[in-house]
Amino acid sequence: MMRFRRQAEFGTATATLPDVHRPAALRPRHGMVWRAVALAPCFFFLVTILLPPINHDVAAVLDFARRWLGGERLYVDLIDVNPPLIFVLNLLPAALARWTPLSQGQAVMLCLLGLAALLWRLSEALRRGRAEGHVESAVLTACVPLLLVMAGSDFGQREVLMAMVAIPYCLLAARRIEGPAPPLPLATGVALAAGLGFALKPHFLLIPLLVEALVLLRRGMAAQRRDPVPWTIAAVWVAYVAAVPVVFPAYLTQVVPMAWSFYGEIHGAGLWRVLVADVMGAAEALLLLALPIALRPRAGALAQALGLAAGGAFASAWLQHKGWTYHVLPITIFSCAALLAAGARWADGALANARAASAAPVLAAMAAFGVLLYMVRGGETPWRQLAFHGEPPGQLAEWFDEHARGRPVLVLSPDIFPIYPALTYADAHQILPVMSIWPLQGFYRRCPAGSAPYREPHEMGAAEFDLFQRVAEAFAAAPPPVLVAARHANIPACGGHFDVLAYFARHPLFAETLEGYRPAGEIEGHRLFRRHE
């Protein structure tokens, strides 16, 4: 039998064999240096997260939450396909930006880093009393905070938030399987956080289903029935689903039918092509490496839980069939975590106790830098941050800051980036009822016959006419100081001839208001106009 005792190394419990003794001296200064080196990748990602730009989708969601807080009605005045929970959560940074000296970017980053710190503390609390070998202890100490921030440019995306809360949830699953049982308040707190994270999108439920199946298989039905964790997560979901039709009825009656009709068809590679897309393919290769290693019995319950979470993340990304980086990122995070946990457990078993204690800081540093190199090799971090100010996204942010600081704007573009976070840094906000003109991409999946690629108002469906009318009315009612119109509408069916400015200018109210604007230049295909005073 293996017995366990506490030691100062990394502040957690370690595994020792009864017939092996620790060396008299482990060169503490040498170990401290390597422990600091092992934490360097975490600090690297932390610095890149603090540099502009913040993630574009994070900025766009915050803008909607800010407008909702200002009195506009979610899913009535503000139309988006995201379920309401992400907007509810963003009310906190929106309120901080509105009622404190913090800017929007500072407010949302403070909340996101606060969440990461909370999840790290929960993870550390779950590790107290858990049996860990020297290498496992060192690797988890260095890599748990790294896993929470390694998303880099995608930090704050809904998939990333889910992956973050899943880290302590998988640690909790390991404690429930291997023991000792965690304190009830700690288990309940982690389960509540996990329930909220998995509720952000329906696809995310696949992850706790797989992890709870593992716990059930390892412990049996009787223990699972008495366990508060799955029931807490289920209660969060039931309460949320029950609240949506009561608090947000328009989401079910207006948004879901529109999203179901065409949203899944207008972006991404498709259900089968996405499997061979570059981003998805790299994550699949990593998953295929991680799963057979993590699911071995000797890999330990933590590696098994993380491996199954990676499988659930793959299914979630596939069902969304977009192949976008942030959809795929949880596969990478969980697969890396599973390999780290399994590799550390293997090293503790393969090395003599004294050798494992001596090598643990070095192995932890190697593991952390391996994750760093993998992410930097194929990701956007830190290249997007380094290029921001000198490239068109930064130039657009400067133009908004100069000409529309703290004021409303109208941007007619199919793109979220670089419009966001450029508006965020200027403390400006859209008057468009959607985050971009993406509904037009759905309305014009097939281009109408004739010389002009636009339907006449009497030919439009109800949803298209509503958007056409609302944009014109909002533009005429309170003309913003600037107007931005993209040259490209990303509507392939019309062969590049769809001009978003010409489309809306067919409305008399829009055309009359447009006469008060003068061209002010162009940045990366975005035509700039200023209102003539």
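The figures here come from the full heavy-atom set of this structure, side chains too, leaving out hydrogens, waters and symmetry mates.
- Counting heavy atoms from C-beta on, the side chains of Ile79 and Met258 come closer than 4.5 Å.
- With Arg296 contributing its side chain and Ile293 its backbone, the two residues share a donor-acceptor pair below 3.5 Å.
- Note that CG of Leu62 is 10.5 Å distant from CG of Leu69, once rounded to the nearest 0.5 Å.
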Intermediate values then yes/no, side chain to side chain contact (heavy atoms under 4.5 Å, CB included), Leu96 and Cys111: CA-CA 9 Å; Leu96 288 174; Cys111 292; 3.7 Å; yes
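- Between the Trp231 side chain and the Arg225 main chain, a donor and an acceptor come within less than 3.5 Å of each other.
- In this structure the side chain of Phe64 never reaches within 4.5 angstrom of the side chain of Asn82, judged on heavy atoms.
- Inter-residue side-chain proximity for Leu115 and Leu161 is flagged as met; some heavy-atom pair is nearer than 4.5 Å.
- Distance check, rounded to the nearest 0.5 Å: CG of Leu306 to CD1 of Ile333 gives 11.0 Å.
- Under the 3.5 Å distance criterion, the side-chain polar atoms of Asp63 are left unmatched by any main-chain donor or acceptor of Ala59.
- In this structure a side-chain-to-backbone donor-acceptor pair under 3.5 Å is present from Tyr425 to Ile54.
- In this structure the side chain of Val88 reaches within 4.5 angstrom of the side chain of Phe248, judged on heavy atoms.
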What pairs of donor and acceptor atoms, side-chain ones from residues 195-202 against any protein atom, are under 3.5 angstrom apart with sequence neighbours left out?
unit_1	atom_1	unit_2	atom_2	d
Lys201	NZ	Glu159	OE2	2.8
Lys201	NZ	Gln320	OE1	2.8

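- Panel note: side chain Arg445, backbone Gly442; a donor-acceptor pair is recorded below 3.5 Å.
- In this structure, the side chain of Tyr240 engages the main chain of Leu85 through a donor-acceptor pair within 3.5 Å.
- The nearest pair of heavy atoms linking Tyr75 to Pro83 is OH-C, 3.1 Å.
- For the pair Arg158 and Phe204, the cation does not sit on the ring face, since its NZ or CZ is not both under 6.0 Å from the ring centre and inside 45° of the axis.
- Side-chain atoms of Ser335 come within 3.5 Å of backbone atoms of Ile331 as a donor-acceptor pair (strictly under, hydrogens ignored).
- A donor-acceptor pair under 3.5 Å is formed between the side chain of Tyr251 and the backbone N or O of Val81.
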Verdict with supporting geometry, Ile416 and Trp438, side chain to side chain contact (heavy atoms under 4.5 Å, CB included): CA-CA 9 Å; Ile416 298 295; Trp438 68 266; over 6 Å; no
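- Separating the CD1 atom in Ile49 from the CG atom in Leu113 is a distance of 6.5 Å, to the nearest 0.5 Å.
- Within the 4.5 Å cutoff, the side chain of Met280 has no heavy atoms near those of the Trp324 side chain.
- Under the 3.5 Å distance criterion, with hydrogens and angles disregarded, no donor-acceptor pair is assigned to the side chains of His134 and Asp348.
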Derivation and outcome, side chain to side chain contact (heavy atoms under 4.5 Å, CB included), residues Phe44 and Thr48: CA-CA 6 Å; Phe44 168 83; Thr48 60; 4.1 Å; yes
Side chain to side chain contact (heavy atoms under 4.5 Å, CB included) between Leu351 and Leu363, worked out: CA-CA 12 Å; Leu351 298 174; Leu363 293 175; 4.3 Å; yes
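- Atom CZ of Phe314 sits about 13.0 Å away from atom CG of Leu286, to the nearest 0.5 Å.
- In terms of heavy atoms, His389 sits closest to Pro52 at NE2-CG, 3.7 Å.
- Screening residues 144-154 for side chain to side chain donor-acceptor pair (under 3.5 Å) gives Asn55-Asp154, Ser153-Thr381, Ser153-Gln385, Asp154-Thr325 as the qualifying pairs, with residues at least two apart or on separate chains.
- Remark: Ser103 engages Gln106 in a side-chain hydrogen bond (donor to acceptor under 3.5 Å, both in side chains) (not counting sequence neighbours).
- Using a 4.5 Å heavy-atom threshold, the side chains of Leu205 and Pro208 count as touching.
- Interatomic distance, CG of Leu148 versus OG of Ser123, reported as 6.0 Å (0.5 Å rounding).
- Considering CD of Glu178 and CD of Glu132, their distance stands at 10.0 Å, rounded to 0.5 Å.
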Salt bridge (charged side-chain N to carboxylate O under 4.0 Å, His left out) between Glu136 and Arg130, worked out: CA-CA 11 Å; Glu136 184 178 15; Arg130 179 176 180 263; 3.1 Å; yes
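- The heavy-atom pair separating Pro228 from Leu184 by the smallest distance is CG-CD1, 3.6 Å.
- Across all their heavy atoms, Pro180 and Gly129 have their closest contact at CD-O, 3.3 Å.
- The closest side-chain heavy-atom distance from Leu192 to Thr232 is below 4.5 Å.
- Closest approach of Leu214 to Ala305, counting heavy atoms only: CD2-N, 3.6 Å.
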Full working for salt bridge (charged side-chain N to carboxylate O under 4.0 Å, His left out) between Glu212 and Arg176: CA-CA 10 Å; Glu212 290 304 317; Arg176 292 157 61 203; 2.8 Å; yes
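- More than 12 heavy atoms of other residues, nucleotides or ligands shown are found within 6.0 angstrom of CH2 on Trp68.
- The closest side-chain heavy-atom distance from Val61 to Leu89 is not below 4.5 Å.
- Two rings, from His56 and Tyr420, have their centers 6.0 Å or more apart.
- Judged purely by atom type and a 3.5 angstrom limit, Ser358 has no side-chain atom pairing as donor or acceptor with the backbone of Ala354.
- A side-chain donor-acceptor contact under 3.5 Å links Arg127 and Thr141.
- Ala187 and Leu172 get closest at one heavy-atom pair: O-CD2, 3.8 Å.
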